[in-house]
Amino acid sequence: MRRSERYCLYALGAMYAGPIVAMVVWAWAAQAPRSIVALLLTAVLVAAVLAAATRTWRPFLLVQLPLSLLALGYAAYTVKFGLPPGHTLAGILVRTSWEEVRGFITLGPGKWLLVSLLSWAACYLALTLHAPKRPIFGDRANRWCRALILALVPVSAYTMLNPVQLIDGISFNPTVGSVMFLAGDIPRARAESRGSRVHKIPYQARRTGGEEVHILVVGESVRRASWSAYGYARTTTPFLNTFGDQVVFLQDAVADANLTEWAFPILLTGIAPQDLATSNVRGNLLDLAKEAGYRTAWLVNQDVEISTAVGIDADRLVSPLDFEANINGRHTLDEALLPAFREELARAGTARFVGVHMMGSHWEYYRRYPPKFQRFGSAQGLGALSMVSVLLDDKNTASAVVDSYDNTILYTDWFLQQLIEQARLLSVPATLTFFPDHGEDLQLLDGETGHGQPKYTQHAFEIPAFVWYNEAFRKAHPGIVAALTRNSSKEIRSHDVFYTMAELMGIEWPGRAASKSFASDRFVPDTVDPLVAGGILISAISERKPAM
Ligand SMILES: [Zn+2]
């Protein structure tokens with residue numbers, strides 16, 4: 001072998017080994033020694049199998065190129081995020097549209113990532129073309145191979161003593177791990193994102209009529225009493241305060257549940273609280289809209305699994321990447337949804353339903369808005385544990401928590417303004433309905449904190465809600481606007497939203513119930529069905545209207 005060819009093979013060997021070494025260094029700190037040995041053993045075996053299959057150096061190295069690229073990505077992700085690619089990354093990838101991928105690659109860090117990968121691949125390819133053509137296994141190599149296989153026997157026996165550590169080690173091999181990720185995690189996440197866990201039964205919905213646009217915005221942890229549009233002393237909703245007559249504010253909207261995991265499916269399916277079970281979910285508002293001929297888009301700045309759990313399968317699902325999400329939710333601001341929202345509204349020529357699921361006012365409040373919305377108080381000194389000090393009767397923190405909560409409302413008001421002003425540009429009939437999943441208790445004002453307690457607390461259930469419509473909608477459907485106005489002071493519950501949205505969208509189907517649509521003359525307020533407090537059914541009658 002010529003000297004240049006030998007150097008070529010050394011360089012390629014180093015490129016091949018790089019991701020493996022990175023994985024070993026990463027695994028060194030926290031993984032069992034047996035897993036690390038299994039990782040190395042797998043690397044040797046994968047190389048040996050490929051060498052046996054390709055026989056000569058150049059094809060062997062060419063086959064390695066895509067595998068090495070995958071391995072490089074796998075190791076880089078593991079080192080950066082401290083965990084190999086798995087369910088979370090798969091979920092993010094399958095829900096990311098090509099438009100977002102294109103945006104990531106053409107802007108910012110994605111561009112440099114792509115340039116580095118391409119340079120790496122070009123380098124590898126150039127070296128491969130200088131590699132020897134001769135067989136990998138000459139006489140000497142064969143002898144080495146036999147010796148190696150003999151040496152591997154006790155090592156294999158050692159790793160097999162603990163099957164869990166063995167499997168971990170194999171999956172930490174960057175080549176095998178990335179193939180397992182592509183062949184296992186990705187298809188599973190795709191199945192989940194299509195809502196395949198829900199057994200769907202068609203609604204047999206239909207609709208006549210032309211192009212209309214209907215928007216549902218699901219808010220998060222929105223306390224009605226904190227909106228100046230409902231009389232709060234601080235001006236937290238400056239835009240909504242000056243709305244004029246193209247909007248109907250619901251005066252007595254009540255969340256069916258004080259937890260997202262319960263309230264959200266009820267909103268999207270119309271199932272009453274006492275009947276909510278996965279086996280009773282036959283589909284959701286988006287399925288109904290699709291059957292009736294709507295194009296559907298679902299823009300999520302929440303944990304997207306809340307949506308996929310009720311089988312949301314939109315024509316376009318947007319869930320911005322967020323690697324910083326923690327137990328208190330995502331750190332991406334709701335405005336990340338605005339570009340996709342604008343695109344969906346601009347998609348003229350077909351009836352459209354656009355859903356928006358906000359991060360809204362979920363705790364850590366001070367993380368939900370950009371610095372320019374820090375109008376009330378100061379968020380300095382607030383941290384993830386401030387909720388605990390609030391419970392310990394720390395008045396200063398309790399007051400700062402209320403301030404930061406009010407800033408989330410200010411930001412929500414601005415966010416809703418962006419949506420409505422975009423919708424105002426439409427000439428076809430259009431509506432926007434805002435309905436949060438549930439409210440929120442603030443220790444300083446309510447003597448309670450947060451939401452999701454297993455008991456009724458007024459502000460975790462009483463929410464603000466409204467329906468905005470444009471002039472074209474009012475002209476086309478004066479009866480609906482009149483009914484909305486007439487029903488606006490009645491008690492309206494989360495499970496009415498499904499039927500009302502369907503009514504706004506002009507959808508007919510055998511299960512339609514006008515009595516549950518507050519956009520209908522025949523609406524009957526539901527004050528009887530129970531509420532869900534922290535997962536427990538409680539009586540709406542005795543809790544909301546205590547005996548005098
Ligand atoms: Zn929630």
Side-chain angles (χ1 to χ4, degrees), residues 216-227 250 253-271 273 276 281 284-285 298-310 312 319-320 322 325-334 336-337 355-369 384 387 401 404-409 411-412 415-416 433-443 446 448-466 492-498 531-538:
L216 172 65
V217 183
V218 179
E220 170 62 56
S221 303
V222 196
R223 181 179 179 273
R224 188 201 300 158
S226 294
W227 277 32
L250 307 183
V254 178
D256 276 333
N258 61 1
L259 264 179
T260 316
E261 287 74 5
W262 284 77
F264 182 82
I266 291 172
L267 268 171
L268 269 287
T269 63
I271 295 176
L276 187 68
V281 177
N284 57 62
L285 187 61
W298 189 249
L299 319 180
V300 195
N301 191 31
Q302 275 267 356
D303 180 357
V304 76
E305 306 227 341
I306 297 167
S307 298
T308 53
V310 288
I312 283 187
S319 168
D322 188 335
N326 66 7
I327 191 165
N328 288 318
R330 295 159 53 88
H331 287 173
T332 304
L333 296 172
D334 285 326
L337 302 176
V356 176
H357 192 188
M358 298 173 63
M359 199 64 228
S361 301
H362 199 282
W363 173 248
E364 310 162 83
Y365 311 139
Y366 55 94
R367 286 193 191 277
R368 307 287 169 236
Y369 52 86
M387 278 307 201
V401 164
S404 66
Y405 183 83
D406 288 349
N407 291 323
T408 67
I409 302 298
Y411 181 63
T412 296
F415 179 73
L416 291 169
T433 301
F434 174 79
F435 208 98
D437 58 349
H438 51 76
E440 185 82 334
D441 284 315
L442 296 169
Q443 190 69 28
D446 310 320
E448 302 280 352
T449 286
H451 60 266
Q453 296 194 61
K455 64 174 183 181
Y456 179 82
T457 59
Q458 183 188 354
H459 298 289
F461 284 91
E462 291 188 354
I463 49 176
F466 66 82
I492 285 160
R493 303 266 300 263
S494 309
H495 59 279
D496 299 325
V497 172
F498 173 85
L531 301 169
V532 186
I536 299 166
L537 290 173
I538 57 170

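Counting starts at 1 for both ligands and their atoms, in listed order. Keep in mind it's a predicted model, so treat the numbers as computed, not measured.
Judged as a salt bridge (Lys or Arg N to Asp or Glu O under 4.0 Å), and not counting sequence neighbours, the contacts of Glu462 are Arg224, Arg544. Every salt bridge (Lys or Arg N to Asp or Glu O under 4.0 Å) that Asp446 has, sequence neighbours left out, goes to Arg223. By the side-chain contact (heavy atoms from CB on, under 4.5 Å) test, Leu259 pairs with Glu261, Trp262, His451, sequence neighbours left out.
Ion pairing between Glu448 and Lys455 holds under the 4.0 Å rule for side-chain N and carboxylate O.
The count of protein N, O or S atoms under 2.8 Å from the Zn ion (ligand 1) stands at 5, with waters excluded from the count.
Taking OG of Ser221 as the reference point, atom CD1 of Ile463 lies at 11.0 Å (rounded to 0.5 Å).
Counting heavy atoms from C-beta on, the side chains of Thr412 and Ser361 come closer than 4.5 Å.
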